[in-house]
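Notes follow the structure.
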Amino acid sequence: MSKIIIVYASLTGNTEEMAELIAEGVRSTGAAADLKMVEDCNAVHLLEYDACLLGAYTWGDGELPDEFSDFVDEMKGLNLVGFRAAVFGSGDTSYRLYCAAVDELEQRLREFGAIIVQPPLKVEYGPNPEEKVLCREFGASFAQSLGALHQP
Ligand SMILES: Cc1cc2nc3c(=O)[nH]c(=O)nc-3n(C[C@H](O)[C@H](O)[C@H](O)COP(=O)(O)O)c2cc1C
């Protein structure tokens, strides 16, 4: 059984709601999902898992929230080469750089050697009913892509 950690930053709850739905999707495949707020998680814990999903809202002018700074610094010191990952988050299309923090997280993961197994999931504000389905599918497809790795 794959073990997946989902680490997220959420100020007003939108990214948190996505994270919870994604966790449901992961668990629907029989994989295990642990949900952590980034401020409560040191990146070294990633290495206890088969793969990670990172989520963030976007702040300022297309910036990653400050809560992610320490975590990203900690990731620099890890060997993430070949580690499987994907990213998600909430934003607002009225801003110039829609969900730019999600793209930044993906870029950082790539820099540190992780393999991005599926495209990012971006949602404006909280997920609507269709997007809730997409969140669950995002988690399920991520877990299924790892399941294939565990075949003998
Ligand atoms: C000061 C401020 C700056 C923001 N900057 C951006 C931005 O550059 N790009 C974007 O897509 N959304 C931006 N947002 C919108 C938030 O990312 C959006 O409200 C999101 O749903 C918040 O997610 P959360 O509920 O998980 O905290 C900004 C919001 C605030 C209050």
Side-chain angles (χ1 to χ4, degrees), residues 2-29 31-78 80 83-112 114-146:
S2 300
K3 259 178 75 185
I4 296 168
I5 185 169
I6 303 172
V7 182
Y8 66 91
S10 183
L11 200 60
T12 60
N14 296 331
T15 309
E16 181 167 55
E17 190 178 358
M18 292 180 74
E20 286 166 354
L21 292 161
I22 289 168
E24 279 180 32
V26 168
R27 291 174 187 140
S28 73
T29 69
D34 281 348
L35 268 176
K36 308 257 185 222
M37 288 192 298
V38 70
E39 48 270 55
D40 297 338
C41 186
N42 186 301
V44 75
H45 292 301
L46 295 180
L47 301 178
E48 296 161 20
Y49 293 81
D50 297 305
C52 75
L53 290 162
L54 302 186
Y57 65 96
T58 299
W59 189 245
D61 187 19
E63 285 154 32
L64 196 60
D66 288 345
E67 305 92 282
F68 251 105
S69 301
D70 288 348
F71 191 87
V72 169
D73 282 346
E74 290 153 8
M75 279 202 298
K76 283 181 199 157
L78 303 177
L80 293 177
F83 195 67
R84 307 247 154 185
V87 295
F88 63 93
S90 171
D92 177 341
T93 54
S94 69
Y95 285 88
R96 195 172 64 90
L97 297 167
Y98 175 61
C99 281
V102 177
D103 298 327
E104 184 176 343
L105 274 182
E106 186 177 283
Q107 192 191 325
R108 303 312 293 267
L109 281 162
R110 283 190 204 281
E111 279 168 25
F112 302 144
I115 297 171
I116 304 299
V117 303
Q118 62 191 32
L121 180 63
K122 299 176 180 178
V123 162
E124 183 163 35
Y125 314 126
N128 65 28
E130 292 80 30
E131 289 163 338
K132 286 183 183 182
V133 173
L134 289 179
C135 287
R136 290 193 192 93
E137 287 174 356
F138 182 84
S141 67
F142 184 77
Q144 277 157 355
S145 75
L146 304 176

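When a ligand or atom number is given, it counts from 1 through the structure's own listing order.
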Original post:
How many angstroms lie between atom NZ of Lys3 and atom CG of Leu146, to the nearest 0.5 angstrom?
Top reply: 13.0 Å
Original post:
Cut-off 3.5 Å, side chains only: do Thr29 and Gln144 have a donor facing an acceptor?
Top reply: no
Subject >> Ion pair check, Arg27 and Glu24, cut-off under 4.0 Å >> reply: no
Subject >> Interatomic spacing from CZ in Phe88 to OH in Tyr57 - rounded to 0.5 Å >> reply: 13.5 Å
Original post:
Got a second to check how far Met75's CE is from Leu109's CG, nearest 0.5 Å?
Top reply: 5.0 Å
Original post:
Looking only at side chains, do Gln118 and Ser145 share a donor and an acceptor under 3.5 Å apart?
Top reply: no
Check ligand 1 for close polar pairs with the protein: N or O on both sides, less than 3.5 Å.
unit_1	atom_1	unit_2	atom_2	d
ligand 1	5 (N)	Gly60	O	2.8
ligand 1	8 (O)	Gly60	O	3.3
ligand 1	8 (O)	Gly62	N	2.8
ligand 1	9 (N)	Leu97	O	2.9
ligand 1	11 (O)	Asp92	N	3.0
ligand 1	11 (O)	Asp92	O	3.3
ligand 1	11 (O)	Cys99	N	2.8
ligand 1	12 (N)	Asp92	N	3.3
ligand 1	14 (N)	Thr58	O	3.2
ligand 1	17 (O)	Thr58	N	3.3
ligand 1	17 (O)	Thr58	O	2.8
ligand 1	21 (O)	Asn14	ND2	2.8
ligand 1	21 (O)	Ser90	OG	2.6
ligand 1	25 (O)	Thr12	N	3.3
ligand 1	25 (O)	Thr12	OG1	2.4
ligand 1	25 (O)	Gly13	N	3.1
ligand 1	25 (O)	Asn14	N	2.7
ligand 1	25 (O)	Asn14	ND2	3.3
ligand 1	26 (O)	Ser10	OG	2.7
ligand 1	26 (O)	Asn14	N	3.4
ligand 1	26 (O)	Thr15	N	2.8
ligand 1	26 (O)	Thr15	OG1	2.8
ligand 1	27 (O)	Leu11	N	2.6
ligand 1	27 (O)	Thr12	N	2.9

